[in-house]
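The structure appears below as C-alpha cells.
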Amino acid sequence: MQNKVVWITGASSGIGEALAYKFSKEKYNLIISSRNEIALQKVKEQCVFSENIKILPLDLEDLDSLNNKANEAWELFGKIDILINNGGISQRSLALETNLETEQRIMRIDFWGTVVLSKSILPKMIANNGGQIVTVTSLVGKFGTKFRSSYSAAKHALHGYFDSLRSEIWDKNISVTIVCPGFINTNVSINALVGNGKNQGTMDDAQAKGMHVDVFAEKMYNAISSKKEEVYIGGKEIYGVYIKRFFPRLFSKMMRKQKVT
C-alpha cells in the first residue's frame with residue numbers, strides 16, 4: 001500500500017488519531033487534518049512511518065476555504081485514493097434548550113463541511129479513475145436519541161446524501177463507505193456542544209465505558225479495505241438500529257426512559 005494516499009480529517013485526536021496510526025502502520029501515505037496543528041504534529045511523530053505523513057490544518061466550519069484545502073491536499077502527493085471524513089462535533093443538550101446558532105454550527109461543521117470537502121475532491125478522484133469516500137457518521141444517524149437532536153439531524157442528512165451519491169457515481173469507480181460508531185472511548189462528549197454553544201467539558205459514562213478507540217480503528221480499517229457500503233461498530237448499542245427498524249414502538253419506549261447521555 002506504499003503508493004496509496006489517505007486523507008483523514010479530525011485526525012488530531014480520538015478516532016482520527018487512531019486511524020492515522022493504523023493506516024501508517026499499513027504503510028499508506030497520509031494527509032492528516034484538523035484545526036489543531038500542534039496536536040497533528042504530535043500524531044505524526046507517533047506514527048510508524050512518519051516520513052510518509054503530511055500535515056494540512058483545516059477548519060470544517062470555514063466552508064469557503066475547503067475547496068482550496070482540497071486542492072492543497074491533492075498536490076501534496078499528486079492524488080488521494082481515500083478521503084475519510086471524520087472531523088465533526090457532537091451535542092449534549094435538549095432541543096428546547098439549544099439555541100439556533102448552536103444548531104446551525106453543528107449542521108455547518110458535521111454536514112456542510114463534509115459535503116463541501118467531498119464535492120471538492122470527488123471530481124479529481126473521477127479524473128484519476130477511482131477512489132473511495134468514507135464518512136464517519138454515528139448510530140444516531142440511524143435513530144434519534146435525547147440530547148442529540150441537531151447532531152442526529154446532521155448525521156441523518158449525511159446518510160441521505162452519501163447514499164444518494166453512491167447511486168450516482170457507482171459507474172465511475174468511486175466507492176462510498178458510511179461508518180456508524182456507537183460508544184467509543186474518546187473525548188467526543190467532552191468537546192460536545194451544549195445549548196449555549198459551549199463545550200460540555202465532561203466525559204459521559206457511556207463514552208468512558210465504550211469500545212477502545214484502537215479496537216474501533218482496526219474494525220473500521222477492515223470495513224474500508226472491504227469497501228463496505230455501511231457498517232455499525234460498537235457494543236450492544238448497535239442493536240438499536242434493528243430494534244428501531246423492526247420494533248419501533250418498543251424503541252420509542254426505550255428512548256422515553258433514557259436518562260443517561
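- Side-chain contact between Leu76 and Glu72 is absent, with no heavy atoms from C-beta onward closer than 4.5 Å.
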Exercise for the section: Test Thr114 against Phe162 for side chain to side chain contact (heavy atoms under 4.5 Å, CB included), laying out the working first. Expected result: CA-CA 10 Å; Thr114 297; Phe162 283 97; 3.8 Å; yes
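- Separation of atoms CD1 (Ile53) and CD1 (Ile31) is listed at 11.0 Å; rounding is to 0.5 Å.
- Residues Phe23 and Asn52 have side chains not in contact (no heavy-atom distance under 4.5 Å, counting atoms from C-beta outward).
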Fill in: Glu218/Asp214 under side chain to side chain contact (heavy atoms under 4.5 Å, CB included): CA gap, chis, key distance, verdict
CA-CA 6 Å; Glu218 185 75 29; Asp214 291 340; over 6 Å; no
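- A distance-only check finds a donor-acceptor pair linking the side chain of Asn36 to the backbone of Ile38 [under 3.5 Å].
- Not one N or O on the side chain of Thr202 forms a donor-acceptor pair closer than 3.5 Å with the backbone of Ile190.
- Put simply, the side chain of Met125 reaches to within 4.5 Å of the side chain of Ile133, judged on heavy atoms.
- Counting non-hydrogen atoms of neighbouring residues, nucleotides and ligands closer than 6.0 angstrom, the CD atom of Gln46 exceeds 12 such neighbours.
- The environment of Lys124 atom NZ is dense: over 12 non-hydrogen atoms of other residues, nucleotides or ligands sit within 6.0 angstrom.
- Looking only at distances, no side-chain donor or acceptor of Thr177 sits under 3.5 Å from a matching main-chain atom of Val134.
- For the pair Tyr21 and Val48, the minimum side-chain heavy-atom distance is 4.5 Å or more.
- Applying the side chain to side chain contact (heavy atoms under 4.5 Å, CB included) rule to Asp81 yields the partners Lys4, Val5, Lys79; only residues at least two apart in sequence or on another chain are considered.
- A salt bridge links Glu230 to Lys142: at least one charged side-chain nitrogen sits closer than 4.0 Å to a carboxylate oxygen.
- Judged by distance alone, with hydrogens and angles left aside, the side-chain atoms of Ser150 form no donor-acceptor pair with the main-chain N or O of Glu103 at under 3.5 Å.
- One N or O on the side chain of Thr102 and one on the backbone of Gly195 form a donor-acceptor pair closer than 3.5 Å.
- The line from CD1 of Ile32 to CD1 of Ile55 is 5.0 Å long, rounded to the nearest 0.5 Å.
- Going from atom CG of Asn68 over to atom CG of Leu58 covers 12.0 Å, rounded to the nearest 0.5 Å.
- Side-chain N or O atoms of Gln207 include one that pairs as donor or acceptor with a backbone N or O of Ile184 at under 3.5 Å.
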Glu229 and Val176: side chain to side chain contact (heavy atoms under 4.5 Å, CB included), yes or no, with the steps?
CA-CA 6 Å; Glu229 291 191 356; Val176 174; over 6 Å; no
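- Between Ile89 and Asp110, some side-chain heavy-atom pair lies under the 4.5 Å cut-off.
- Expressed to the nearest 0.5 Å, how far OH of Tyr161 lies from CH2 of Trp112 amounts to 7.5 Å.
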Q. When you look at Thr98 and Ile106, which way does the side chain to side chain contact (heavy atoms under 4.5 Å, CB included) test go after all the steps?
A. CA-CA 11 Å; Thr98 305; Ile106 291 169; 5.6 Å; no
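- By the 6.0 Å contact criterion, CZ on Arg166 is enclosed, its count of non-hydrogen atoms from other residues, nucleotides or ligands being greater than 12.
- Counting non-hydrogen atoms of neighbouring residues, nucleotides and ligands closer than 6.0 angstrom, the CD atom of Glu101 reaches no more than 12 such neighbours.
- Between the side chain of Gln91 and the backbone N or O of Tyr151, at least one donor-acceptor pair lies under 3.5 Å.
- Inspection of the Asn85 and Ser118 side chains reveals an N or O donor paired with an N or O acceptor under 3.5 Å.
- Put simply, the side chain of Phe49 reaches to within 4.5 Å of the side chain of Lys27, judged on heavy atoms.
- Under the 4.5 Å side-chain criterion, counting only non-hydrogen atoms from C-beta, Glu45 is not in contact with Ser50.
- Pro181 places a side-chain heavy atom less than 4.5 Å from the side chain of Val136.
- At distances below 3.5 Å, not a single donor-acceptor pair connects side-chain atoms of Asn86 with backbone N or O atoms of Ile8.
- A donor-acceptor contact shorter than 3.5 Å is absent between the side chain of Ser226 and the backbone of Lys228.
- Summarising the geometry, atom OG belonging to Ser152 is positioned 14.5 Å from atom NZ belonging to Lys146; distances are rounded to the nearest 0.5 Å.
- Of the possible polar contacts, none joining the Asn191 side chain to the Ser90 backbone as a donor-acceptor pair under 3.5 Å is found.
- A salt bridge between Glu26 and Lys22 is present, with a side-chain N of the basic residue lying under 4.0 Å from a carboxylate O of the acidic one.
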